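Heads up: numbering here begins at 1 and tracks the sequence. The structure displayed is predicted, hence computed values, not measured ones.
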Amino acid sequence: QAQLVESGGGLVQSGGSLRLSCAASFTLDHYAIGWFRQAPGKEREGVSGISSNDGSTVYGDSVKGRFTISIDNDQNTVYLQLNSLKPEDTAVYYCAADVTTVQRMCAPARIRIGPGAYDYWGAGTQVTVSS
């Protein structure tokens with residue numbers, strides 16, 4: 001069964017770092033892959049996206065300069081390096097994959113729809129940042 005599996009979440013102090021992984025059980029060729037997050041009581045937010053075709057990336061304004069997305073096409077895995085973490089980064093982080101552009105991957109309307117708007121959506125990994 002084709003699926004995405006996130007890992008790497010955990011509890012970290014403010015200012016710390018984590019590296020999240022999104023492993024696909026299928027080849028990521030021609031897919032855009034996005035990271036999204038949702039905190040309790042808050043709307044789902046687009047964090048970052050990457051194209052497997054050309055490596056182009058996008059970032060949400062709240063994470064620019066702190067988070068870095070990358071892809072290992074041989075391993076069918078996308079990584080999200082989280083640096084300079086803040087308590088407001090606390091959320092469940094999800095990855096998704098879709099045959100689309102990285103810009104459309106992170107379109108606000110699709111993010112609001114959530115899993116139903118993407119070909120694949122993972123179960124999520126919890127990131128908790130303590131102050």
Side-chain angles (χ1 to χ4, degrees):
Q1 182 179 357
Q3 60 180 352
L4 298 172
V5 178
E6 302 95 333
S7 62
L11 173 63
V12 64
Q13 288 187 333
S14 181
S17 298
L18 285 172
R19 188 195 195 202
L20 306 185
S21 299
C22 172
S25 62
F26 52 95
T27 179
L28 289 174
D29 290 351
H30 309 301
Y31 280 90
I33 300 90
W35 282 98
F36 308 91
R37 67 186 182 185
Q38 188 162 23
K42 295 188 177 180
E43 291 188 352
R44 189 177 298 110
E45 177 185 10
V47 176
S48 184
I50 189 167
S51 167
S52 66
N53 290 335
D54 60 12
S56 58
T57 60
V58 295
Y59 292 94
D61 289 340
S62 62
V63 306
K64 282 180 182 176
R66 299 189 298 122
F67 292 6
T68 303
I69 192 170
S70 61
I71 186 169
D72 184 334
N73 282 306
D74 291 335
Q75 297 296 322
N76 295 315
T77 300
V78 172
Y79 302 97
L80 186 68
Q81 179 68 40
L82 288 61
N83 294 331
S84 302
L85 282 161
K86 306 174 182 180
E88 51 264 42
D89 294 318
T90 295
V92 178
Y93 284 70
Y94 302 91
C95 68
D98 197 51
V99 180
T100 185
T101 65
V102 66
Q103 290 76 18
R104 290 176 181 172
M105 189 76 189
C106 299
R110 297 189 76 187
I111 294 173
R112 281 194 295 271
I113 294 171
Y118 302 95
D119 291 338
Y120 299 100
W121 185 276
T125 186
Q126 175 72 47
V127 171
T128 302
V129 184
S130 63
S131 57

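Between Q126 and L11, every side-chain heavy-atom pair lies at or beyond the 4.5 Å cut-off. At least one side-chain heavy atom of L28 sits under 4.5 Å from a side-chain heavy atom of I33. Contact check for R37 versus V127: no side-chain heavy atoms found under the 4.5 Å cut-off. Side-chain atoms of Q75 and S21, non-hydrogen and from C-beta on, never get closer than 4.5 Å to each other.
The two residues I50 and G55 come nearest to each other via the heavy atoms CG1-O, 3.9 Å. Here the closest non-hydrogen pair linking Q1 and S25 is O-OG, 3.4 Å. Across all non-hydrogen atoms, the minimal contact from S52 to Y31 is OG-O, 2.8 Å. The nearest pair of heavy atoms linking E45 to S62 is OE2-OG, 2.8 Å. Residue L85 comes nearest to R66 through the heavy atom pair CA-NH1, 3.9 Å, listed as atom of the first residue, atom of the second, then distance. The two atoms that bring G114 and W121 nearest to each other are C-CZ3, 4.1 Å, heavy atoms only.
A salt bridge does not link R104 to D98: none of the charged nitrogens lies less than 4.0 Å from a carboxylate oxygen.
E6 places a side-chain N or O within 3.5 Å of a backbone atom of A123 that can act as its donor or acceptor partner. The backbone N or O of I69 lies less than 3.5 Å from a partner atom in the side chain of Y59, making a donor-acceptor pair. The closest donor-acceptor contact from the side chain of T125 to the backbone of Y93 lies at 3.5 Å or more, if one exists at all.
How far CD of Q103 is from OG of S56: 6.0 Å, rounded to the nearest 0.5 Å. Taken from CD1 in I113 to CZ in R44, the straight-line distance is 9.5 Å, to the nearest 0.5 Å. Rounded to the nearest 0.5 Å, atoms CD (Q13) and OG (S130) are 5.0 Å apart. The SG atom of C106 sits 5.0 Å away from the CZ atom of F36 when rounded to the nearest 0.5 Å. Between the CG atom in N76 and the CZ atom in F26 there is a gap of 8.0 Å [rounded to 0.5 Å]. From L20, atom CG reaches atom CH2 of W35 across 4.5 Å, with rounding to the nearest 0.5 Å.
Hydrophobic clustering (ILVMFWY, side-chain heavy atoms < 4.5 Å, transitive): I111 and M105 are in one cluster. Grouping the Ile, Leu, Val, Met, Phe, Trp and Tyr side chains by contacts below 4.5 angstrom, directly or via other members, places F67 with I71. Under the 4.5 Å side-chain contact rule for hydrophobic residues, V78 and V92 do not share a cluster.
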Inset, instruction - Determine, stepwise, if the pair L80 / S48 fulfils side-chain contact (heavy atoms from CB on, under 4.5 Å). - result: CA-CA 8 Å; L80 186 68; S48 184; 4.1 Å; yes
Legend entry - Worked check of salt bridge (Lys or Arg N to Asp or Glu O under 4.0 Å) between K86 and D89: CA-CA 5 Å; K86 306 174 182 180; D89 294 318; over 6 Å; no
Inset, instruction - Give the intermediate values and the outcome of side-chain contact (heavy atoms from CB on, under 4.5 Å) for residues Y94 and Y118. - result: CA-CA 12 Å; Y94 302 91; Y118 302 95; over 6 Å; no
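In the model, S17 has a side-chain atom that pairs as donor or acceptor with a side-chain atom of N83 under 3.5 Å.
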